[in-house]
Asks: 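This is the structure I have questions about; it appears just below.
Counting begins at 1 with the first residue of the sequence.
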Amino acid sequence: MCIAWPMRVSELLEGHYATAEIDGIFRRISLRLLDEVNVGDYVLVHAGFAIEKIDFSKAREQLEIMEELKKGILPE
């Protein structure tokens, strides 16, 4: 199973790259598969590539689902 994580773009870099953040963790991602991404946008990231631009409400919903999954899977 593959999971794409919703991440917020925090910085645009040269060469179709950006820095994106989730839960205080920053990663360099590729923007080659998307048109027109700006700082503050939310994107779904899989294997280091932004594969879809999403709105804040969809990102929040997916993050909440992932939190619920972590609570059910990981010991407290």
Side-chain angles (χ1 to χ4, degrees):
M1 176 173 74
C2 299
I3 296 176
W5 293 91
M7 300 182 79
R8 188 182 64 78
V9 175
S10 58
E11 179 183 12
L12 297 176
L13 305 171
E14 288 189 35
H16 302 287
Y17 289 96
T19 301
E21 181 266 336
I22 182 173
D23 290 337
I25 298 169
F26 293 84
R27 292 286 183 254
R28 182 176 180 250
I29 63 169
S30 174
L31 301 176
R32 289 194 180 274
L33 302 176
L34 299 178
D35 294 326
E36 200 169 331
V37 176
N38 298 301
V39 171
D41 287 345
Y42 283 84
V43 293
L44 290 179
V45 177
H46 173 69
F49 287 85
I51 59 172
E52 183 180 348
K53 191 170 159 181
I54 59 174
D55 64 26
F56 173 73
S57 63
K58 185 173 180 181
R60 185 180 64 216
E61 179 183 343
Q62 290 184 358
L63 288 169
E64 288 172 0
I65 290 169
M66 289 178 174
E67 279 299 315
E68 290 296 318
L69 288 172
K70 283 195 292 188
K71 288 179 185 175
I73 296 171
L74 300 175
E76 293 189 30

Asks: Any sub-3.5 Å donor-acceptor pair from Lys53's side-chain atoms to Glu36's backbone N or O?
Replies: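 Checking the backbone N and O of Glu36 against the side chain of Lys53, a donor-acceptor pair under 3.5 Å is found.
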Asks: Under 3.5 Å, is there a donor-acceptor pair between the side chain of Glu21 and the main chain of Asp23?
Replies: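 Flag set: sc Glu21 to bb Asp23 pair under 3.5 Å.
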Asks: Which heavy atom of Ala50 sits nearest to which heavy atom of Leu33, and what is that distance?
Replies: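 That would be O-CB, 3.7 Å.
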Asks: Are any non-hydrogen side-chain atoms of Val45 and Ile51 less than 4.5 angstrom apart?
Replies: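 Counting from C-beta outward, Val45 and Ile51 never come under 4.5 Å.
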Asks: Would you indicate whether the side-chain heavy atoms of Ile54 and Asp41 approach each other to under 4.5 Å?
Replies: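 Asp41 does not reach Ile54 side chain to side chain.
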Asks: Are the side chains of Leu13 and Arg28 in touch, meaning some heavy atoms are under 4.5 Å apart?
Replies: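 In contact.
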Asks: Any side-chain heavy-atom pair from Pro6 and Met66 closer than 4.5 angstrom?
Replies: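 They are in contact (side-chain heavy atoms under 4.5 Å apart), so the answer is yes.
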Asks: Do Leu63 and Phe56 share a hydrophobic cluster (ILVMFWY, side-chain heavy atoms under 4.5 Å, transitive)?
Replies: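 Cluster IDs for Leu63 and Phe56 differ.
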Asks: Any chance you could measure Phe49, atom CZ, to Leu44, atom CG, to the nearest 0.5 Å?
Replies: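 Phe49 CZ to Leu44 CG: 15.0 Å, rounded to 0.5 Å.
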Asks: Under the rule for side chain to side chain contact (heavy atoms under 4.5 Å, CB included), what residues qualify as partners of Ala20, not counting sequence neighbours?
Replies: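 Only Met7, Ile29 meet the side chain to side chain contact (heavy atoms under 4.5 Å, CB included) criterion with Ala20.
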Asks: Does Tyr17 belong to the same Ile/Leu/Val/Met/Phe/Trp/Tyr cluster as Val43, with side-chain heavy atoms less than 4.5 Å apart forming each link?
Replies: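 No, Tyr17 and Val43 fall in different hydrophobic clusters.
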Asks: Please report the interatomic distance OH(Tyr42) to CZ(Arg60), rounded to the nearest 0.5 Å.
Replies: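 Taking OH in Tyr42 and CZ in Arg60, the distance rounds to 9.5 Å.
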Asks: Counting C-beta onward and ignoring hydrogens, is there a side-chain heavy-atom pair between Asn38 and Val9 closer than 4.5 Å?
Replies: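 Not in contact.
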Asks: My understanding is that only residues two or more places apart in sequence, or in another chain, count here; which of them pass side chain to side chain contact (heavy atoms under 4.5 Å, CB included) with Ile25?
Replies: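 Ile25: side chain to side chain contact (heavy atoms under 4.5 Å, CB included) contacts with Arg27.
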Asks: As an exercise, state the distance from CD of Glu61 to CD of Glu64, rounded to the nearest 0.5 Å.
Replies: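 Between Glu61 CD and Glu64 CD, I get 7.5 Å after rounding to 0.5 Å.
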Asks: Which residues satisfy the side chain to side chain contact (heavy atoms under 4.5 Å, CB included) test with Ser10, sequence neighbours excluded?
Replies: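 Counting only residues at least two positions away or on another chain, Ser10 forms a side chain to side chain contact (heavy atoms under 4.5 Å, CB included) with Arg8, Thr19, Phe26.
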